[in-house]
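Because only heavy atoms are used, hydrogens play no part in the values below, and waters and symmetry mates are left out as well, while side chains stay in. Every value quoted in this text rests on a predicted model; they were computed, and no experiment measured them.
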Amino acid sequence: MEKNTDNMSIQKDFLWLILFLIVFINGFEAGGYQASLWNIGQHYDLSVTTMGLFASVELFATMLAPLILGSWADRTSKAKSISILLLLQFIAAFIILLTNASELFIFGVFFLGLTTSALQFISIAALADAYPVSGNRKIGYITSMYALGALVSPLVVSFYLSKGMSWRTLFALLSLGSLVSLIGINKSRNQLKDHIIVEEQNSPTGNNQSSFMIGGILLLCVIMCIYVGFENGFTFFVDTLFKDTLNSDLGKYALSLYWAVMIPSRVFSGHFASKAKNILITAIISIPVVTIILANCNSSILVLLLCIPLGLASGAIYPCVLNTMFPLAGKKTATATGMITTATGIGGVVFTALTGFLGDYFGLNIAMIIISIFFIISLNCAILAFKIGDKNY
């Protein structure tokens, strides 16, 4: 065991704060863009179909980024990669801020989606690399930052729009956030990180092996694909359930509650990363059980309350998957995190479409029950992934 008692170095260490800020801004961008889409459509005189295409440009870029930038980030310094992407993010947001041309707007949104997606998974990988001792706890916090950004952004958008400010304010805030993050990452990249270095086998995020366990990582990708697909379908399902079946105005509150409880859930999962296996298995089993109960409820208050355990279970999956993945990734942490990010995009597209298709034929209640049953596949994937991990420690 080796100790570093340089208190000045400890005080200077703020890389983790910059990485948290980057992921928060990415969540803020995602939620804020969706909240601003109607106003953007009014400005550019878009039809509903065209507004959907505007939204899909960002989603496409979000899915594309991990495929083309994951291995690049592993070959390059992650700090350098983040700096380049932050500069591109600043330029993209600034272009949107200044232009009135729809073509340039689409160009800016594409690069905004590309950079925010890449910055998220590279920042998470950089956190795991830079903090082999405390990274397991920090993973819980950094994943909660995205949820926090997505949660507060619609409130911020609603506030400044109600004050008569333009929808472009969102992109001014994003430009400012990118610039602050760019300065911060360049100021912090040479600072010492974890100051009490222990044997890496004691740390769930320590990369104890040089090999890249692609089989285990692909199994975790399946879990994330199903989880994000369920999450997207559920958010649509709950709002519709309250309006059409329960005749209640509590749908928006239920959605906010569902997202809000994810934040402490992810923090908790990070703090107890050594129990990632048990937490992940419990969450995977809990989601379909709670969903089946919820889909058969006729009380709006009960459905609202059931969103709490469902949000807690949903929030635990992402940090548990990441803390399980890092020991399987070897030195290719950005590549592995990028694979996970791609899987989430695929799940969001495929399972959301499947939810709508099943909803048309069987009703949304039955559709959500069917989608939740896919977690049986997730359970088997988790068990196999843990077995692969156990064989390689």
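- Put simply, Ile279 and Val267 are part of two different groups of oily side chains (I, L, V, M, F, W, Y) that touch within less than 4.5 Å, one to the next.
- A donor-acceptor pair under 3.5 Å links the side-chain atoms of Thr341 to the main chain of Thr337, judged by distance alone.
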Could you walk me through whether Ile377 and Val222 pass side-chain contact (heavy atoms from CB on, under 4.5 Å), step by step?
-> CA-CA 8 Å; Ile377 299 173; Val222 173; 4.1 Å; yes

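- Checking Val321, Ile388, Leu328 one by one against Ile217, the side chain to side chain contact (heavy atoms under 4.5 Å, CB included) holds for a single residue, Leu328.
- Between Leu173 and Val156, the closest side-chain pair of non-hydrogen atoms falls below 4.5 Å.
- Proximity of Ile223 to Phe375: side-chain heavy atoms (C-beta onward) are nowhere separated by under 4.5 Å.
- For Thr115 (side chain) and Leu112 (main-chain N/O), a donor-acceptor pair under 3.5 Å exists by modelled atom type.
- One hydrophobic cluster, built from ILVMFWY side chains closer than 4.5 Å, holds both Ile82 and Tyr131.
- Aromatic ring orientation, His43 versus Trp167: perpendicular (interplanar angle above 60°, classes split at 30° and 60°).
- Under the 3.5 Å distance criterion, the side-chain polar atoms of Arg168 are matched with a main-chain donor or acceptor of Ile96.
- The shortest side-chain heavy-atom distance between Ile84 and Trp72 falls under the 4.5 Å cut-off.
- Residues Ile383 and Ile281 are in side-chain contact: their nearest non-hydrogen atoms beyond the backbone lie under 4.5 Å apart.
- At least one side-chain heavy atom of Phe24 sits less than 4.5 Å from a side-chain heavy atom of Val152.
- Each of Asn365, Leu246, Leu306 was evaluated against Cys297; a single residue qualifies, Leu306, per the side chain to side chain contact (heavy atoms under 4.5 Å, CB included) test.
- Under the 4.5 Å side-chain criterion, counting only non-hydrogen atoms from C-beta, Ile22 is not in contact with Gln120.
- Ser314 and Tyr258 are linked by a side-chain donor-acceptor pair at a separation below 3.5 angstrom, with hydrogens and angles left out of the test.
- Leu155 and Tyr253 are members of different hydrophobic clusters when ILVMFWY side chains are connected at heavy-atom separations under 4.5 Å.
- To the nearest 0.5 angstrom, Ile139 atom CD1 is 7.0 Å from Thr143 atom OG1.
- Atoms CG and SG, on Leu219 and Cys381 in that order, are 5.0 Å from each other to the nearest 0.5 Å.
- Annotation: Tyr160, atom OH; neighbour count of heavy atoms from other residues, nucleotides and ligands within 6.0 Å is above 12.
- Contact check for Asn39 versus Gln42: no side-chain heavy atoms found under the 4.5 Å cut-off.
- No more than 12 heavy atoms of other residues, nucleotides or ligands shown are found within 6.0 angstrom of CG on Asn298.
- Contacts classified as ring-ring contact (aromatic ring centres under 6.0 Å, His included) and involving residues 266-290 (residues at least two apart or in different chains) are given here: Tyr141-His271, Phe268-Phe272.
- Note: Phe90 and Phe94 have parallel aromatic rings, judged against thresholds of 30 and 60 degrees for the angle between ring planes.
- Inter-residue side-chain proximity for Phe230 and Thr291 is flagged as met; some heavy-atom pair is nearer than 4.5 Å.
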